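Computed from a predicted model, the values in this text were never measured in an experiment. All values below were derived from every heavy atom in this structure, side-chain atoms included, with hydrogens, water molecules and symmetry-related copies excluded. Order of the sequence lines sets the chain letters (A, B, ...), proteins ahead of strands, with each chain counted from 1.
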Amino acid sequence: MTSIGTGYDLANSIFSPDGRNFQVEYAVKAVENGGTSIGIRCKDGVVLAVEKVVASKLLKHGANKRIATVDRHLGVVYSGMVPDGRHFVDRARDEARAWRDTFKTPIPTADLASRLGGYMQAYTLYQSVRPFGITAIVGGFDSELDTPVDGEVGSGPKCGAGGKGEGKKHGGPFLYMIEPSGLYWGYYGAATGKGRQAAKAELEKLDLSGSGALSLEEAVKEAARIIYVAHDDNKDKEFELEMSWISGADGPTKGKHQEVPKALREEAERLAKKAIEKDLEGDDDEEEKKEGDKMEE
Amino acid sequence: MDHRPQAWGRPRDDVYGAYDASYLQNSGPKTVTQSPVVTGTSVIAIKFNEGVVIAADNLASYGSLARFTDVKRLRVFLDSSVVGFGGDVSDMQFLDRHLNELAIDEAYDAAEPTPETPTSPGTLNAANLHKYLQKLMYRRRNDFDPLWNQILVAGLDAASKPFLASVDLRGTAFTSPSLATGFGSALAQPIMRKYAATEEDAARLTREQAVDVVKECMKVLFYRDARSLDKYSIAVVTKAGVELKENEQLERQSWAFAERIKGYGTQTV
């Protein structure tokens, strides 16, 4: 960042001569200090997980949730400045509700991501505001069924909803990540926060798009493991693992965004810890070997 | 001719005489919401040892016309309570959407799902919901803009005991081992009281007995209530959740009694 200190980083909405908005880049820095969050989109659902850094031992265990429900079928998790994230979630809830008021139907995940992306981007445009210090991961499951309109009383025409193509897939799991610039893409696996590099490396190893794609329960276990891998025991503060999931109507959450049940979460954590220990032992062996080599020299 | 904008679109004074401005005043109370239009008839419900059975037919009448025959008047709230609506159907839709918003609010901070409550219902139980609806209805009454419904709320209270209560368009609320709205309060209530006159009686009823009583009452209502239908919805609420069946048909009807009815219409004997 050679252009730092040239005065172009003092205000939002001012480009530097080489076409950068420094305030947005600094917001990304704020995100990079936050606890890791990840999202996994698998064939039958979405998993969200976050490394909730324990700021104080005086805080109640399991309280102060970091993953938020936006509508029944939508969840949001974020890394970075928590108050910014809280406000962002409030906005997401307003958007989801406004959509229902207008269309009497749940907001599709893609439309929510679009509106939130627009909202985030608006905070890069004005002198009077600063960008959001968060990167948010939005997960949702758009219903694959013919769902009733909100407040509908009858069963409607027997032929079902219009615009449905024969043999065409409707609804399904969706995952988006929205950055402080307002940029958003749809992902198979998304990671942000302090441990994003390690987490992304792990996510890339998973088969999330192919035919042998991960099941939802496997994805929960992978998510737990990835959060544990991304966490650096030596450097980082203690953390709690928080996870939520969304399945289709025939899955375990019946199309709703819910916290992962305690039993499954604990099982996932146990497996994650085991996997980490195994990795560490492997590393130690290698190190010992190296030292051994040295001794011989 | 009067070209002032105030006179635009009005009959000409010089042709029709001065316009009677009393037609234009709107200082009186709003009356458009003070009568129902499309209506549902009775809702009936009875408690049993571990829950509540509630039923309503699938008809929405436009006056005496059987206008809509697939209207579902039992609504599930948070997978744990059922609300049955009698009265105006558009007001029911309004309330249904409102309760949907309320249910989403509950999902914002839903408790962790447990093996007992796998679907993680919110914190609002049927008793809370009934109290909320009672406040809502009473407030609307005070605004002279009532929601033209009589509502039954079936579910469980905070102690997981069966809960059944009613609230009407004035905000009047009460509870009883069995309840019925509309015509049902005259026709079904006496039958249900035979089986569950007191809370103790209701606590001895089994689920099968309660369902049978409710089905019998639906049949009587179809025989005697001219605004009713033989297709109905029935829901059973227990700790395990809500079982809702929306397209039931009245079975084993017998109209033999009709022969004995005399004294209506052009009949002379």
Residue pair V153(A) / K72(B), side-chain heavy-atom distance below 4.5 Å: no

Contact origin within V89(A) toward chain B - heavy atom pairs under 4.5 Å: neither

Under 4.5 Å from a heavy atom of chain A, the part of R75(B) involved: side chain

I104(B) versus V70(A), closest heavy-atom pair with distance: CG2-O, 4.3 Å

R115(A) CZ: over 12 foreign heavy atoms closer than 6.0 Å: yes

Taking every non-hydrogen atom, the tightest pair across Q93(B) and G151(A): NE2-O, 2.9 Å

Residue E251(B) excluded, over 12 heavy atoms near CD under 6.0 Å: no

Y108(B) portion near chain A, given a 4.5 angstrom heavy-atom threshold: both

R97(A) side chain vs E101(B) backbone, donor-acceptor pair below 3.5 Å: yes

Structural part of N247(B) lying under 4.5 Å from a heavy atom of chain A: neither

Spacing of D150(A) atom CG and D96(B) atom CG [to the nearest 0.5 Å]: 8.0 Å

Residue pair R100(A) / N100(B), side-chain heavy-atom distance below 4.5 Å: yes

Other residues, nucleotides, ligands: >12 heavy atoms within 6.0 Å of K219(B) NZ: yes

Close side-chain approach of D79(B) to K256(A), heavy-atom, < 4.5 Å: yes

